[in-house]
Protein chains: 2
Amino acid sequence: MTQLTEVALNAPTLIAPINAAKELFWRQGYDETSIEDVVCATGMNRYALYNAFGGKLELFLAVLESYFVERKNLFMTALSDPQGGPMAAIREVSEYCITEMTDRGAGCLMCDVAAEVGRYDKAVSERVLSYLEEIRRADEMALTQAEARGELNTAISPKEGAALLIANMLGVGAMARNGAGRKELMTLFNTCLRLLSRQNGAQNQLRSSRNHKPTTVKQAQN
Amino acid sequence: MTQLTEVALNAPTLIAPINAAKELFWRQGYDETSIEDVVCATGMNRYALYNAFGGKLELFLAVLESYFVERKNLFMTALSDPQGGPMAAIREVSEYCITEMTDRGAGCLMCDVAAEVGRYDKAVSERVLSYLEEIRRADEMALTQAEARGELNTAISPKEGAALLIANMLGVGAMARNGAGRKELMTLFNTCLRLLSRQNGAQNQLRSSRNHKPTTVKQAQN
């Protein structure tokens with residue numbers, strides 16, 4: 001299988017087909033997206049596409065790699081901002097992901113579409129698991145920084161908090177796929193982040209956001 | 001579409017085909033399971049199956065209904081035990097669900113298989129959302145009882161906690177589908193429940209389970 005490096009993914013001739021394929025796979029799923037659809041969307045011919053990627057599965061893996069690299073860079077940039085701090089970095093990247101999920105009403109590209117492909121192909125499901133493990137490690141690193149700054153709930157370790165954040169985002173993705181909206185999902189994510197924060201230890205016994213609109217599982221819009 | 005009531009689902013002649021179909025759909029998915037597979041597994045003939053359910057989609061809806069009624073009854077029984085209390089009831093039902101997910105290595109029947117079918121059929125995706133909303137309400141009722149008993153983290157409302165539990169279980173289901181094991185998922189669920197519990201407010205500033213084995217996103221077993 002072709003393994004495209006981060007450098008190759010940034011080759012000018014590959015950016016347009018990867019982005020077009022990403023939109024198509026995300027909105028339509030894997031089965032419903034053909035190489036012809038990518039040809040139509042980009043004007044790049046079929047021969048050149050096969051030559052660059054090897055096939056539809058390899059094109060999908062290139063899309064996943066590009067998706068993941070983009071989010072990783074976003075997270076590292078947010079995390080390197082000493083003003084915002086680690087909890088703000090987690091919030092910023094999660095807000096971005098939730099907006100992307102709900103804009104398309106199609107959930108999470110990495111988890112939902114990849115789960116569809118993962119039924120046929122072991123390489124895809126293993127790549128998804130390795131991405132999830134990398135995100136978990138990045139979250140753990142951020143929460144370790146938060147702990148050092150006294151911002152982490154003392155009832156929890158950075159490892160436990162990172163696992164909880166991953167599960168929460170997977171759940172948020174499943175809800176987005178079933179028609180939940182951005183506002184509802186942000187409220188849900190904020191509940192999780194609030195429980196991970198130190199202020200919900202001894203310092204704050206007030207129910208700080210009792211006035212928040214309650215989160216409900218909404219019916220999908222017709 | 002045939003709407004089977006709880007009474008009809010308990011008709012002695014339907015229990016065997018519904019249970020057989022549940023196992024098949026759960027392990028193989030919807031597309032890979034045919035009416036012939038159900039005939040083979042139960043010995044009930046094709047004509048009788050069509051006569052009782054109407055078709056494959058209606059059989060799947062009957063399986064979903066049966067799955068949901070079973071879990072609802074389990075939850076209500078656990079919740080009516082005054083000894084255990086509401087947090088114990090939530091833990092008991094969640095443990096049962098996690099065991100069921102990991103025994104088959106196939107995630108959650110309701111969310112994962114139904115999401116596959118929901119791509120073709122609006123009635124299925126709407127039924128799933130109404131089930132999720134019912135579970136959310138049951139969780140909210142349990143957390144309202146927990147709040148009255150002084151067992152809920154005061155930083156959170158029963159509504160917020162219930163939404164978090166739903167998202168967490170959806171995430172746990174997604175991880176089970178990708179090969180995560182029972183122990184890992186129970187640790188993750190327990191982290192969530194611990195954060196929802198009152199003892200993580202002012203009373204307990206100790207990191208009570210710092211010695212727990214850390215949760216990691218595991219590679220799927222070959």
| task | Of all the heavy-atom pairs spanning A:Cys192 and B:Leu164, show the shortest one and how long it is. | result |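 Heavy atoms of A:Cys192 and B:Leu164 come nearest at CB-CD1, 3.6 Å.
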| query | What heavy-atom pair brings A:Ala167 and B:Asn168 nearest, and what distance separates the two atoms? | reply |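 That would be CB-ND2, 4.0 Å.
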To the nearest 0.5 Å, how far apart are [atom1] in [X] and [atom2] in [Y]?
| X | Y | atom1 | atom2 | answer |
| --- | --- | --- | --- | --- |
| A:Asn153 | B:Asn153 | CG | CG | 7.5 Å |
| B:Glu160 | A:Leu195 | CD | CG | 8.5 Å |
| B:Thr191 | A:Leu165 | OG1 | CG | 11.0 Å |

